[in-house]
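Read through the structure below, which is laid out as structure tokens, and then see the notes.
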Protein chains: 2
Amino acid sequence: MPSQRQAEPRRATLRDVAERAGVSTSTASLVFSGKGPVAAATADRVRAAAADLGFTGPDPLASSLRQGRVGTVAVIVEGPLRHAFRDPFALAVLDGLAEELDLAGRTMLLVAQPVEHPEQAVAQLATQAVDAAVFPLCGTATNPLVEHLATRGVVMVGSGAPLSPEVGHVLTDERAGQRLAGQHLLDLGHRRLGHVSMMLRPAVATGPVTRADVEHADYPDAAGRARGFLDIAPEGSPMVQVGELTVGAGEEAGRLLLDVPVARRPTAVVCQADVLAAGVVRAAASLGLRVPDEVSVTGFDGVDLPWLGTTLTTVLQPGVAKGHALGAMVRRRLEGEGPVDEPFAVSLRVGTSTAPPPG
Amino acid sequence: MPSQRQAEPRRATLRDVAERAGVSTSTASLVFSGKGPVAAATADRVRAAAADLGFTGPDPLASSLRQGRVGTVAVIVEGPLRHAFRDPFALAVLDGLAEELDLAGRTMLLVAQPVEHPEQAVAQLATQAVDAAVFPLCGTATNPLVEHLATRGVVMVGSGAPLSPEVGHVLTDERAGQRLAGQHLLDLGHRRLGHVSMMLRPAVATGPVTRADVEHADYPDAAGRARGFLDIAPEGSPMVQVGELTVGAGEEAGRLLLDVPVARRPTAVVCQADVLAAGVVRAAASLGLRVPDEVSVTGFDGVDLPWLGTTLTTVLQPGVAKGHALGAMVRRRLEGEGPVDEPFAVSLRVGTSTAPPPG
DNA sequence: CGATTCGATCGAATCGATTCGATCCGCGCT
DNA sequence: AGCGCGGATCGAATCGATTCGATCGAATCG
């Protein structure tokens, strides 16, 4: 191999710049940070020297070390990104968060935490300097990262999980929200309801679940919504959980609920997410059932699914706004506020996917 | 406000640990990095001291400053995340990239670069320490970040853009790839082709475009694919570009091409992306045209669109693999390799969305 | 048994900035 | 003329580690 004999030009430092401008490094520092009074002429000399030397600005590392501020916020996402972000709602939250953090001059460090080995994320984050960590998507109730970050003194913010007194939350009342959708169906006259739940614990397959499964759930948000459904649903209403948050899984779940003798078939299906509801609508179509005439379907989130002919009746939870709220909470916590929980309001949006039951 | 009189416990440092264990900080450092020979007994004492003091490990900032290695790779995404990642292909690339970087112990710093004010990203990145920067989605041909990062000596890798000798690329031969799809249609007997292009420049509206627009395009990938189409398409074939990479925009474009007198209507539409092709399929459906019997449609990427009844005939470009390739190139460049371009192979996958023309 | 070598440990320099307190100078005020 | 003040600048300490070279004792070798 060609021995690269170009004595590595060594990038210019603040000291080089100061020297060239004939000032002390302290003065040069003031020029770039703008924190102290510097004569205009001096400042110009320093800037000229910097330009000559190709000095782009103080080294972020050294600067952060001294100031004790990094400007980076870890964003923890459970599972592979292509799963987590397949849900448009997750994307919306992420986007709102990004906008809000931008405003505060902070950048997102994206950390994908493996579902099977969540502890691996600890090693990954241990070598990264961060001011705060956000759990933007409701994940498991407990998370090995919490202890690590807590002892490091890193501020944590989440949206329902992980559960810990150290984590501040932007909290949706999942239970009441889901009840809203269920009640709407009862009001329309439905009496046979089905439910499609998000994953109640990691690594499950799509299939029926019981009240007991809900009690022992690992994902607080899914459990909360399931409780909301149980609050209003007649005893024995069929419930199915999906293995992943996708239209395909929703369709599979929908078939499980709808492909049964008509006497047992629910006249309405309450889904914990719009993507799942979209799947159920597709399942209904493939079974020759018209929505909403023969089956009503509700979702959760209120995301945009232009390819679905129908506008879903759904529990509206503005994702971008939720991201903003998370970002704002990060900012407040970095300013010294303690870990508090803040409510995030949801509401029912009636679309064209619900109607009175047939007959 | 309650004056917080808890004299800030000051987090333990390596020196504190060393002192408590009765060793020098150099030895303590060796214990944590495992870089030198340390007697087992000594190591245990140090670890015990660390546990007592709640010392989680060396401060990442100080460590990085000394070692000149941060472990962070900036990932630049043009436009709001909810737009960029609405395309499943983009997600797949991101995911592959994340996996590959993880393997190398590096973390992704996600930077959303505003389309209208791309220069704002410079300020954002200027305060962040990064080892490398990746442009995983083919963006505009030029980017203000390139100059900034180049003078900082940050390694850059992209997938087709920005165009600069400093940036190494994982390169899809867009033109040849798109030609594959076009040729397939010609072979089937089609003679009237239409084309749906991705954005040829930032901030455009969905609408017709000409050969000249292709020449002056700002997005190399869209331009390349358009050239591939032009290579094989009969003179005067209608072309439309979309304003955003979504199914909705594709549908709009599809209507523009297909909602015309039958004599002028293309019998096949070549699309630059699967999401756009999906939109065209929907447009055809809403116009009462059967796919593929009355209209053939081809896509690009080969992503999973379970909700679309059809399997698209498409130019297969495995996204996760491309992400891996990008990550691998980052690693090699950080090991000293220069900025080279590496080809990324694509192939035609024949699905159920193409057939011989009617009649 | 003296010379070597090796393993374990330490001291000090270094990475590249920020910031506190001190110094210097010129100006206005009395 | 003397005093005080504030703007501009500088020197030195500091942030929290890593690493190079030196030291020292014990084990190995001839």
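The sequence lines fix the lettering, A, B, ..., with proteins before strands; numbering per chain opens at 1.
- Qualifying side chain to side chain contact (heavy atoms under 4.5 Å, CB included) partners for A:Ala321, counting only residues two or more places apart in sequence or in other chains: A:Pro318, A:Phe344.
- Remark: B:Asp131 engages B:Arg106 in a side-chain hydrogen bond (donor to acceptor under 3.5 Å, both in side chains) (not counting sequence neighbours).
- Scanning for side-chain hydrogen bond (donor to acceptor under 3.5 Å, both in side chains) contacts around B:Asp221 gives an empty result, with sequence neighbours left out.
- Side-chain atoms of B:Arg152 do not come within 3.5 Å of backbone N or O of B:Glu147 as any donor-acceptor pair.
- For the segment residues 21-42 of chain B, the set of residues with a heavy atom within less than 4.0 Å of an atom of DNA chain D comprises B:Ser26, B:Ser29, B:Lys35, in numerical order.
- Here B:Arg47 pairs with B:Asp44 under the side-chain hydrogen bond (donor to acceptor under 3.5 Å, both in side chains) rule; sequence neighbours left out.
- With hydrogens and angles ignored, the 3.5 Å screen pairs a side-chain donor or acceptor of A:Arg45 with a backbone N or O of A:Ala21.
- Remark: B:Asp16 engages B:Arg10 in a salt bridge, criterion side-chain N to carboxylate O under 4.0 Å.
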Show me the side-chain donor-acceptor pairs of residues 96-103 of chain B shorter than 3.5 Å, one per line, residues at least two apart or across chains.
unit_1   : atom_1 : unit_2   : atom_2 : d
B:Glu99  : OE1    : B:His324 : NE2    : 2.8
B:Glu100 : OE2    : B:Arg331 : NH2    : 2.4

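- Looking at residues 55-72 of chain B, you'll see B:Phe55, B:Pro58, B:Asp59, B:Ala62, B:Ser63, B:Leu65, B:Arg66, B:Gln67 sit with a heavy atom under 4.0 Å from some atom of DNA chain D.
- From B:Leu125, atom CG reaches atom CD of B:Gln113 across 8.5 Å, with rounding to the nearest 0.5 Å.
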Return one dot-bracket line describing DNA chain D 5' to 3' (Watson-Crick or G-U wobble pairs, both distances under 3.5 Å; ( ) same strand, [ ] crossing, | another strand, . none). ||||||||||||||||||||||||||||||
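- If you walk DNA chain C from 5' to 3' and mark each nucleotide with an atom closer than 4.0 Å to a heavy atom of chain A, the marks span C:dG16 to C:dT19.
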For residues 159-171 of chain A, tabulate all N or O donor-acceptor pairs below 3.5 Å that involve a side-chain atom, not counting sequence neighbours.
unit_1   : atom_1 : unit_2   : atom_2 : d
A:Ser159 : OG     : A:Pro136 : O      : 2.9
A:Ser164 : OG     : A:Glu166 : N      : 3.1
A:His169 : ND1    : A:Gly158 : O      : 3.4
A:His169 : ND1    : A:Gly160 : N      : 2.9
A:His169 : NE2    : A:Pro162 : O      : 3.1

May I have the list of side-chain donor-acceptor pairs in residues 63-70 of chain A shorter than 3.5 Å, sequence neighbours left out?
unit_1  : atom_1 : unit_2  : atom_2 : d
A:Ser63 : OG     : A:Gln67 : NE2    : 3.2
A:Ser64 : OG     : A:Pro60 : O      : 2.8
A:Ser64 : OG     : A:Arg69 : O      : 3.3
A:Gln67 : OE1    : A:Lys35 : NZ     : 3.1

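- Sequence neighbours left out, the pairs with a member in residues 41-84 of chain A that pass ring pair (Phe, Tyr, Trp, His ring centres under 6.0 Å) are A:Phe32-A:Phe55.
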